[in-house]
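Below, chain A is the first sequence line, B the second, and so on; all start at residue 1.
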2 protein chains.
Amino acid sequence: MEVTKRPGGRSARVRDAVRQATLAELAEHGFRGLTVENVAERSGVHKTTVYRRWGNVEGLIADALELAAHEPWPVPDTGTVEGDLRGVVELVRSGFEDPELGPVSSAFVAAAMQSPEAARALHAFFEARHDQSAQVVRRGVERGELPVTVDAREVVRVAVAPVYYRLFVAHEPVSREDAGRAADAALAAARAGVL
Amino acid sequence: MEVTKRPGGRSARVRDAVRQATLAELAEHGFRGLTVENVAERSGVHKTTVYRRWGNVEGLIADALELAAHEPWPVPDTGTVEGDLRGVVELVRSGFEDPELGPVSSAFVAAAMQSPEAARALHAFFEARHDQSAQVVRRGVERGELPVTVDAREVVRVAVAPVYYRLFVAHEPVSREDAGRAADAALAAARAGVL
DNA sequence: GATCTAACGCAACTGGAGTTGTCTTTGGAA
DNA sequence: TTCCAAAGACAACTCCAGTTGCGTTAGATC
């Protein structure tokens with residue numbers, strides 16, 4: 001996907017236009033309402049071009065996802081692991097509530113469940129996120145708040161997992177308190193030497 | 001959905017045939033490969049009938065899901081909370097590895113992300129599952145292994161969440177050890193009074 | 001067991017997603 | 001500047017998911 005021998009000029013403009021259009025369509029209509037034709041029309045690029053370069057809806061999402069993966073995101077730094085980890089989880093939670101980001105993020109998760117290509121892209125995305133977020137835990141270890149044996153990335157996973165689980169699996173609402181509790185639980189497990 | 005004024009006879013046969021066909025198609029081709037036409041052909045029911053009663057693919061899944069929700073599932077009873085909770089989580093994990101159940105279960109999760117109807121059905125399903133699994137925690141409280149203040153259902157959620165998170169969000173493999181660790185983490189948090 | 005109508009079967013139709021062949025434009029290297 | 005091949009535009013086409021109208025079958029009620 002996206003192996004272009006002409007990375008500049010028109011091809012680059014087309015790619016950008018399509019990516020923008022994909023994100024905009026995703027924000028408006030979600031994954032269900034995403035069609036290649038709509039993206040083509042919105043971007044001003046002909047639909048055959050989109051089909052030939054991206055193949056289908058999943059390809060569009062996978063490409064947009066790669067873009068999103070490279071964007072840095074604000075890792076909290078409150079001075080304590082509690083504060084930081086709670087901040088990370090709350091950032092995740094509130095992200096899905098955001099009327100702009102929420103539908104797009106949800107669409108990514110939905111797409112990855114149906115397309116191996118999108119799944120790979122999302123996997124890479126979370127790989128990066130876990131790495132970035134794990135520094136919150138590593139700082140906690142340096143401060144002596146957590147044992148040196150902790151698996152920082154695993155702590156992050158356990159902390160954020162309940163939020164995703166509620167949202168996308170059990171389909172329950174997720175309150176700010178729920179997010180905080182999830183962070184605390186991961187921390188308690190880490191302190192107990194389980195993670 | 002499924003409000004029939006003639007619940008017996010032919011209608012009942014049609015419903016059963018379609019449900020069976022839906023599960024079979026799901027097991028074979030997953031959610032992506034599920035089409036109303038294939039289900040109709042496999043069940044021997046005409047496609048217009050399926051469209052009229054179930055509306056679309058999501059309706060078929062929602063119906064099949066209701067069926068699955070009523071099926072009891074084996075709650076472990078090993079004598080300790082550790083053993084039981086680990087058993088619950090491992091049961092979830094191995095369920096998705098099963099070549100028969102795995103695709104069907106995954107399809108349910110995928111469908112619920114795109115259809116409010118399926119989402120409601122899946123929510124009810126997990127409501128029931130949480131209730132059943134929570135008894136493992138309640139027994140632990142009775143034995144004095146956990147403080148009486150614990151939220152039994154929340155312990156279950158936190159225990160299973162990492163498995164789902166890895167499978168459907170981060171798209172990472174989930175080992176037996178991962179499942180065990182997740183159960184242990186939830187337990188440690190419960191013992192610490194966080195859950 | 002006669003009657004009524006909900007539910008099913010059937011065939012023809014519609015619309016739109018995705019494809020194909022061909023021509024045009026343009027990025028990039030000589 | 002020139003040249004060529006990669007990439008895009010365009011139109012016409014295919015195919016199949018989903019719809020519609022109508023005739024047929026068979027539960028349910030009396």
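The salt bridge (Lys or Arg N to Asp or Glu O under 4.0 Å) analysis of residues 182-195 of chain A, with sequence neighbours excluded, yields the pairs Glu82(A)-Arg191(A), Arg86(A)-Asp184(A).
In this structure, CG of Leu60(B) is placed 13 Å from C1' of dA17(D), rounded to the nearest angstrom. If you take CG of Leu34(B) and P of dA17(D), they are 11 Å apart, rounded to a whole angstrom. When the P atom of dG27(D) is taken as reference, atom CZ of Arg10(B) falls 7 Å away, rounded to whole Å. Between the CZ atom of Arg15(A) and the P atom of dG27(C) there is a distance of 17 Å, rounded to whole Å. If you take CH2 of Trp54(A) and C1' of dG8(D), they are 11 Å apart, rounded to a whole angstrom. Per the geometry, NE2 belonging to His29(A) stands 12 Å off P belonging to dA17(C), to the nearest Å.
At dG8(D), one or more side-chain N or O atoms of Arg53(A) fall inside 4.0 Å of OP1 or OP2 (strictly under the cut-off). For dT19(C), neither phosphate oxygen OP1 nor OP2 lies less than 4.0 angstrom from any side-chain nitrogen or oxygen of Tyr51(A). Contact annotation: Arg13(B) side-chain N/O to dG27(D) OP1/OP2 distance is under 4.0 Å.
The aromatic rings of Phe126(B) and Tyr165(A) lie perpendicular to each other, with more than 60° between the two planes, well past the 30° mark.
Residues forming a side-chain contact (heavy atoms from CB on, under 4.5 Å) with Thr78(B) (at least two apart in sequence, or on another chain): Thr80(B), Asp84(B). Legend: residues meeting salt bridge (Lys or Arg N to Asp or Glu O under 4.0 Å) with Asp77(B), ordered by chain and number and at least two apart, are Arg139(B).
Between Glu66(A) and Arg120(A), none of the side-chain N atoms (NZ, or NE/NH1/NH2) sits under 4.0 Å from a carboxylate O, so this pair counts as no salt bridge. Between Arg15(A) and Asp63(A) there is a salt bridge, with a side-chain nitrogen of the basic residue lying less than 4.0 Å from a carboxylate oxygen of the acidic one.
Looking at heavy atoms from C-beta onward, Val155(B) lies out of side-chain contact with Leu146(B) at the 4.5 angstrom threshold. Considering only heavy atoms from C-beta on, Pro74(B) comes within 4.5 Å of Leu91(B) through its side chain.
Axis angle, first five pairs versus last five pairs of the helix from dG1(C)-dC30(D) to dA30(C)-dT1(D): 40°, rounded to 10°.
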Show me the donor-acceptor pairs, under 3.5 Å and distance only, between side chains in residues 166-175 of chain A and residues at least two apart or in other chains.
from      : atom 1 : to        : atom 2 : distance (Å)
Arg166(A) : NH1    : Glu154(B) : OE1    : 3.3
Arg166(A) : NH1    : Glu154(B) : OE2    : 3.3
His171(A) : NE2    : Phe168(A) : O      : 3.4
Glu172(A) : OE1    : Arg157(B) : NH1    : 2.6
Glu172(A) : OE2    : Arg157(B) : NH1    : 3.1
Ser175(A) : OG     : Glu177(A) : N      : 3.3
Ser175(A) : OG     : Glu177(A) : OE1    : 3.4
Ser175(A) : OG     : Asp178(A) : N      : 3.1
Ser175(A) : OG     : Asp178(A) : OD2    : 3.0

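Under 3.5 Å, the side chain of Arg52(B) and the base of dG9(C) form at least one donor-acceptor pair of N or O atoms.
A heavy-atom distance below 4.0 Å to DNA chain C is reached by these residues of residues 42-49 of chain A, ordered by number: Lys47(A), Thr48(A).
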